[in-house]
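Worksheet: the structure to be examined is printed underneath.
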Amino acid sequence: MTSVHIRPAATADADTIAPLFDAYRQFYEQAPDLAGARAFIAERLEREESVILLALDGTQTAVGFCQLYPTFCSVEAAPIYTLYDLFVSPSARKTGAGRSLLLAAEATAHAHGKVRMDLTTAHTNTTAQKLYESLGWTLDTVFRAYNKRISA
């Protein structure tokens, strides 16, 4: 396991996160768009609409990130985080970066008074599913997720 340092991202990190975010989007079959990725990340950071945790290797190279969106659970009447994005560059996989990001996300959620974190992943992303389950995440077998695309 390689030494990985996790820290909260700041607005100045948008250029560093953008290539990772663009690669994450490509993993989910989106067209490459580095400028769009940078703009999206910069806006989230500038508006403080999300918390982004950045994984750095021993040479201080960014190798991964996760993005947490604050929201609420009406049923529990409590604040939660949605862990919407988690990505580790292919060259840094199996180094503990993903595990470190998830543990840092949990610590951040606890520090910010969140009672739960939710995430979704592709049915085919079995490697990530094994990691989540090894850290105590449980598969939701009660609720079914739906979405509907709204045209602007």
Side-chain angles (χ1 to χ4, degrees), residues 1-73 78-137 145 147-152:
M1 190 177 290
T2 307
S3 173
V4 176
H5 172 70
I6 309 297
R7 68 168 174 81
T11 305
D13 292 313
D15 287 333
T16 300
I17 300 166
L20 293 166
F21 184 63
D22 194 39
Y24 164 80
R25 293 182 69 254
Q26 290 174 53
F27 178 83
Y28 284 105
E29 301 178 2
Q30 299 301 302
D33 182 3
L34 185 57
R38 191 215 176 278
F40 184 86
I41 291 298
E43 189 171 24
R44 300 294 73 72
L45 290 168
E46 288 165 7
R47 293 181 178 186
E48 298 181 352
E49 293 175 333
S50 69
V51 173
I52 300 176
L53 301 175
L54 191 56
L56 305 166
D57 68 11
T59 67
Q60 297 303 296
T61 300
V63 296
F65 77 98
C66 72
Q67 184 162 210
L68 305 165
Y69 291 103
T71 189
F72 298 91
C73 174
I80 65 172
Y81 270 142
T82 298
L83 194 162
Y84 206 91
D85 312 316
L86 174 67
F87 182 78
V88 174
S89 63
S91 64
R93 292 185 183 152
K94 299 191 188 277
T95 65
R99 179 176 296 274
S100 294
L101 282 164
L102 286 166
L103 292 172
E106 185 176 340
T108 300
H110 181 74
H112 292 174
K114 308 305 182 193
V115 301
R116 189 179 82 218
M117 288 189 297
D118 292 341
L119 67 79
T120 59
T121 192
H123 290 287
T124 57
N125 196 356
T126 57
T127 301
Q129 292 166 28
K130 288 176 188 169
L131 174 59
Y132 304 146
E133 291 170 11
S134 77
L135 292 173
W137 290 76
N147 62 57
K148 182 176 183 181
R149 183 157 309 280
I150 306 298
S151 299

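These figures come from a predicted structure and were not determined experimentally.
What you find for Ala10 and Leu45 is that their closest heavy atoms are O-CD1, 3.4 Å. Shortest non-hydrogen contact noted between Pro19 and Thr16 is CD-O, 3.4 Å. Pro70 and Glu49 get closest at one heavy-atom pair: CD-O, 3.4 Å. Here the closest heavy-atom approach between residue Ser89 and residue Leu20 is recorded as CB-CD2, 4.2 Å. Shown here for Ala92 and Ala97, the closest heavy-atom pair between the two residues is O-CB, 4.3 Å. Scanning all heavy atoms of the two residues, the minimum distance from Ala18 to Ala37 falls at O-CB, 3.8 Å.
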*Would Leu68 and His112 count as a side chain to side chain contact (heavy atoms under 4.5 Å, CB included) if you check the C-alpha gap in whole Å, the side-chain angles of each, and the deciding distance to 0.1 Å?*
CA-CA 11 Å; Leu68 305 165; His112 292 174; over 6 Å; no

*Decide yes or no on side chain to side chain contact (heavy atoms under 4.5 Å, CB included) for Leu101 and Val88, but give the supporting numbers first.*
CA-CA 9 Å; Leu101 282 164; Val88 174; 4.2 Å; yes

*Can you check side chain to side chain contact (heavy atoms under 4.5 Å, CB included) on Ile52 and Phe21, steps first, answer last?*
CA-CA 11 Å; Ile52 300 176; Phe21 184 63; over 6 Å; no

*Between Val63 and Thr95, does a side chain to side chain contact (heavy atoms under 4.5 Å, CB included) hold up when you go through it step by step?*
CA-CA 10 Å; Val63 296; Thr95 65; 5.7 Å; no

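One N or O on the side chain of Gln129 and one on the backbone of His123 form a donor-acceptor pair closer than 3.5 Å. Without hydrogens or angle criteria, Thr61 side chain to Asp57 main chain gives no donor-acceptor distance under 3.5 Å.
A salt bridge links Asp13 with Arg7: the closest approach of a Lys/Arg side-chain nitrogen to an acidic carboxylate oxygen falls below 4.0 angstrom.
In the model, Asp22 has a side-chain atom that pairs as donor or acceptor with a side-chain atom of Gln26 under 3.5 Å.
Here the side chains of Ile17 and Gln67 are not in contact, with every heavy-atom distance at 4.5 Å or above. The shortest distance between side-chain heavy atoms of Pro8 and Val51 does not fall below 4.5 Å. Proximity of Asp118 to Thr71: side-chain heavy atoms (C-beta onward) are nowhere separated by under 4.5 Å. Two residues are said to be in side-chain contact when any heavy atoms from C-beta on lie closer than 4.5 Å; Leu119 and Leu86 fail this criterion.
To the nearest 0.5 angstrom, Leu83 atom CG is 10.0 Å from Thr108 atom OG1. Atom CD of Glu46 sits about 6.0 Å away from atom OG1 of Thr11, to the nearest 0.5 Å. In this structure, Trp137 CH2 and Met117 CE are separated by 4.0 Å, a value rounded to the nearest 0.5 Å. Taking CZ from Arg93 and CZ from Phe87, the interatomic distance works out to 5.0 Å, rounded to the nearest 0.5 Å. With rounding to the nearest 0.5 angstrom, the CZ atom of Phe65 is 12.5 Å from the CD1 atom of Ile6. To the nearest 0.5 Å, atom CZ of residue Arg25 and atom CZ of residue Phe40 are 8.5 Å apart.
A 6.0 Å sphere centred on CD of Glu106 holds no more than 12 heavy atoms belonging to other residues, nucleotides or ligands. The neighbour count for Gln60 CD, taken as heavy atoms of other residues, nucleotides or ligands under 6.0 Å away, is above 12. Surrounding OH of Tyr28 are more than 12 heavy atoms belonging to other residues, nucleotides or ligands, all under 6.0 Å away.
Scored by the salt bridge (charged side-chain N to carboxylate O under 4.0 Å, His left out) test, Glu133 finds no partners at all (sequence neighbours excluded).
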